[in-house]
Amino acid sequence: MVRWMSLPIATMWDCSSDFLPGSFTKMASHIVGYPRMGPKRELKFALESFWDKKSSAEDLQKVAADLRSSIWKQMSDAGIKFIPSNTFAYYDQVLDATAMLGAVPPRYGWNGGEIGFDTYFSMARGNAAVPAMEMTKWFDTNYHFIVPELGPDVNFSYASHKAVDEYKEAKALGVDTVPVLVGPVSYLLLSKPAKGVEKTFSLLSLLPKILPIYKEVISELKAAGASWIQFDEPTLVLDLDSHQLQAFTAAYADLESTLSGLNVLIETYFADLTAEAYNTLIGLKGVTAYGFDFVRGTQTIELVKSNFPKGKYLFAGVVDGRNIWANDLASSLSTLKELEAVVGKENLVVSTSCSLLHTAVDLVNETKLDDEIKSWLAFAAQKVVEVNALAKALAGQKDEAFFSANAAAQASRKSSPRVTNEAVQKAAAALKGSDHRRATNVTARLDAQQKKLNLPILPTTTIGSFPQTVELRRVRREFKANKISEDDYVKAIKEEIKKVVDLQEELDIDVLVHGEPERNDMVEYFGEQLSGFAFTVNGWVQSYGSRCVKPPIIYGDVSRPNPMTVFWSSAAQSMTARPMKGMLTGPVTILNWSFVRNDQPRFETCYQIALAIKDEVEDLEKAGINVIQIDEAALREGLPLRKSEHAFYLKWAVHSFRITNVGVQDTTQIHTHMCYSNFNDIIHSIIDMDADVITIENSRSDEKLLSVFREGVKYGAGIGPGVYDIHSPRIPSTEEIADRINKMLAVLETNILWVNPDCGLKTRKYAEVKPALSNMVAAAKLLRTQLASAK
């Protein structure tokens, strides 16, 4: 078999050899990136074993190398021509770029040389002595990246040869890959000024300092035999000003001579480009190819049609990298033919809309999904096959059987009675007449709630989950596998709840939680009890580091057949005289953390979920639960990347939240929780949610959140900015937490401030949780005493 990998560029693109019917050469197909965790989360388990000192660095490296080689082989066997390398990461691709550039913050005590696991994982996770770097959402996905901390004094140096090593590793396996680097301009635009650096510091001013490192990497890749290189520059889809766009022009002009002799692909994804960004991109020096997302970016096609540079390659992202639905191959083929008419057959490459990192790995491992629903789906491995099938069809080698099976699956999904529920459609349509606000304002409600709850100032609480021990996971697993009876399961879970309640009482926490021992995941748990949802066994997607989530699949209209949490919350409340929070996940978060049906607008699905959660809230209230938390952890991450689309999204998202609790009494306290986001630009929408109390991630982002209140935003509801970071094993001291609370008291009224950790405690160990919460309560009591004596 002729392998394209060994052919020179000219031959590779020679139509006569590539597109002859029956030719074995690979078609013009490309994958932007691929999931790293492995089909059964092999990387997750290897990482956690290494972090727990149960296995060696060599063991971890072996698992990683096996995963990489199987991914490259899989793509090669599927017929993919442009196979990416360096999209694997032990933690995060932006952190990999930070390591490549030697941009290690001084607190990690790195002294130069090749960056090893110690420094790399300390930056990602913190260590006993110093905290981790900030983590934030990757654009509007549920993936998190480690934010580079930069300033004028960073001494950049080529400190990680991973990109070159992985290219050589693939080459030794007989696969000539396209090395992928986070582009230099996106790297700087995604960074933040380090602590102590002026907030106004221009990160783009560092371009001349980082480009020499990029040149070293490019030169090494060329020397190793690379013929293509991919720069991911996804920030091109954001609202950029002319100064920022100019940085792209300057950067690639500077790199042009180093890139000479290479084919250079600039990859964009997640949205359309503005006309200005598009024109900047196609004018870049030394660039041979452009990658666009034609799934989420529906307007870019018009820009391509009106002006595409002659002789350049278009990498057309028509297979959705962010969802699990089978591609509508007929529709994609017609889009590709439209593009082919503009750019020419020999210049068109079929691609994914973005990296497949954001979808599940392989449908083959789903043994429990029923055949009808399964026929509607495609995970990463299947999307690779779809890309190749489209490339072959474009080249005149259409696999008719594959296309007709796909058309039949599309038709079955449109007509399936499982998808539509008329009662739900009617109820959702009836929402349009009202904006669903509680009748009394928040100040009056808080007074009524305080009379009933009688809480101290600076009340303490936690966000919801408590550590999920090995024993607890075993109980849930055995119950699911019918190895223990329902009675035994309920008894075991109640014992766990009792343990968590007793611990909180012993620590003297004011508002308790039941610890969520019955829950696997904050979205999956609810989805399993709602109609219109389907679940996978191995549909895991990386969220950050080793943390994976298994998003439910919303395939049809959503409703709540039975109460979902009332039994457990009532049982927990019966174990204590203190207030017990009912714990729910809000509609926007369920939506944003699921794979959502793509056959109706997202807001319609969200309103359906809101009605289901509303039923649950009212049942909890009837059962005597006086504090109900409706988590909207993911509200901000659904925010469109373009400012012009923000208002519409925020209007329906906030409205969905209000629908859930519009019917409760003034004395029922509604909490919400949000995590990992930059809230400053949506604070008015957060206020408009009209929750009684909001707890919010704060500690890992240098209290950025508090600056909103310093700038004079008036917030009348209760608020609990997180006082310590639960994503790190570090245990903060009482003094450190007291210091954080004091910073909050400088900008927030004493009577509205709550004291709580950043997030749920599910991923931590009890040996970390007990001392951390004990110090948190001690800090709150210390400040109560100080405030009382200051009166």
Side-chain angles (χ1 to χ4, degrees), residues 36-37 43-44 47-48 51 89-99 101 103-105 107-108 115 117 119-127 130-150 182 186-195 203 232 234-235 270 355 357-358 463 465 522 541-549 589 592-593 631 633-639 673-681 695-706 721-730 732 740 757-764 768:
R36 318 147 173 159
M37 278 295 136
L43 183 61
K44 171 194 173 67
L47 281 166
E48 290 172 1
W51 294 337
Y90 283 103
Y91 206 94
D92 163 51
Q93 71 271 13
V94 182
L95 183 61
D96 285 1
T98 294
L101 296 166
V104 180
R107 65 179 176 275
Y108 299 107
I115 287 172
F117 281 159
T119 302
Y120 181 86
F121 288 130
S122 290
M123 290 193 285
R125 307 175 69 234
N127 59 39
V130 288
M133 292 169 73
E134 184 187 346
M135 185 158 66
T136 197
K137 301 281 183 194
W138 178 245
F139 295 82
D140 57 350
T141 72
N142 183 34
Y143 177 76
H144 304 69
F145 73 97
I146 302 287
V147 182
E149 301 172 13
L150 305 177
V182 174
S186 290
Y187 178 79
L188 293 176
L189 290 175
L190 294 166
S191 302
K192 68 170 191 176
K195 222 174 185 154
L203 293 156
D232 280 9
T235 54
F270 300 149
S355 172
L357 178 68
H358 309 289
I463 304 303
S465 61
M522 62 184 282
V541 180
Q542 185 181 13
S543 174
Y544 63 86
S546 68
R547 174 130 171 81
C548 300
V549 291
T589 296
N592 284 339
W593 284 356
D631 280 349
L635 183 117
R636 194 189 187 284
E637 82 183 37
L639 202 61
H673 171 68
M674 296 186 164
C675 58
Y676 272 146
S677 280
N678 183 2
F679 294 103
N680 301 21
D681 51 353
T695 51
I696 206 156
E697 185 276 329
N698 170 63
S699 70
R700 201 165 170 173
S701 49
D702 296 337
E703 285 107 10
K704 253 192 308 213
L705 170 76
L706 297 183
V723 296
Y724 80 92
D725 175 17
I726 66 90
H727 296 87
S728 166
R730 200 172 152 273
R740 279 229 158 94
D758 259 348
C759 251
L761 305 169
K762 170 180 168 177
T763 59
R764 297 268 58 90
E768 299 154 355

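Gln93 places a side-chain heavy atom less than 4.5 Å from the side chain of Arg36. Side-chain contact between Tyr143 and Asp92: present, with at least one pair of heavy atoms (C-beta onward) separated by less than 4.5 Å. In this structure, the side chains of Thr136 and Phe145 come closer than 4.5 Å at one or more pairs of heavy atoms. Within the 4.5 Å cutoff, side-chain heavy atoms of Tyr724 are placed close to those of Ile726. Put simply, the side chain of Asp96 reaches to within 4.5 Å of the side chain of Tyr120, judged on heavy atoms. In this structure, Asn142 and His144 have side chains that are in contact, with non-hydrogen atoms separated by less than 4.5 Å. Residues Leu43 and Ser546 fail the side-chain proximity criterion, which asks for heavy atoms closer than 4.5 Å. Counting heavy atoms from C-beta on, the side chains of Phe121 and Leu95 never come closer than 4.5 Å.
Of the possible polar contacts, one joining the Thr589 side chain to the Ala633 backbone as a donor-acceptor pair under 3.5 Å is found. Between the side chain of Thr141 and the backbone N or O of Trp138 there is at least one donor-acceptor pair closer than 3.5 Å. His673 places no side-chain N or O within 3.5 Å of a backbone atom of Asp631 that could act as its donor or acceptor partner. Under a 3.5 Å cut-off, the side chain of Thr98 and the backbone N or O of Val94 do form a donor-acceptor pair.
Classification of the Trp51-Tyr91 ring pair by plane angle, with boundaries at 30° and 60°, yields tilted. Ring geometry for Tyr90 versus Phe117: interplanar angle over 60°, hence perpendicular rather than tilted (30 to 60°).
Residue Arg636 forms a side chain to side chain contact (heavy atoms under 4.5 Å, CB included) with just one option from Asp681, Asn592, Asp140, and that option is Asp681.
To the nearest 0.5 Å, atoms CE (Met37) and SG (Cys548) are separated by 4.5 Å. The CD1 atom of Ile696 sits 11.0 Å away from the SG atom of Cys759 when rounded to the nearest 0.5 Å.
Among all heavy-atom pairs drawn from Val549 and Ser543, the shortest one is CG1-CB, 4.2 Å. Heavy atoms only, all atoms of each residue included: Ser191 and Leu150 are closest at OG-CD1, 3.4 Å.
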Derivation and outcome, salt bridge (Lys or Arg N to Asp or Glu O under 4.0 Å), residues Arg107 and Glu149: CA-CA 11 Å; Arg107 65 179 176 275; Glu149 301 172 13; 2.8 Å; yes

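Residues Phe139 and His358 keep their aromatic ring centres 6.0 Å or farther apart.
Tyr108 and Asn127 form no side-chain donor-acceptor contact under 3.5 Å, judged by distance and modelled atom types alone.
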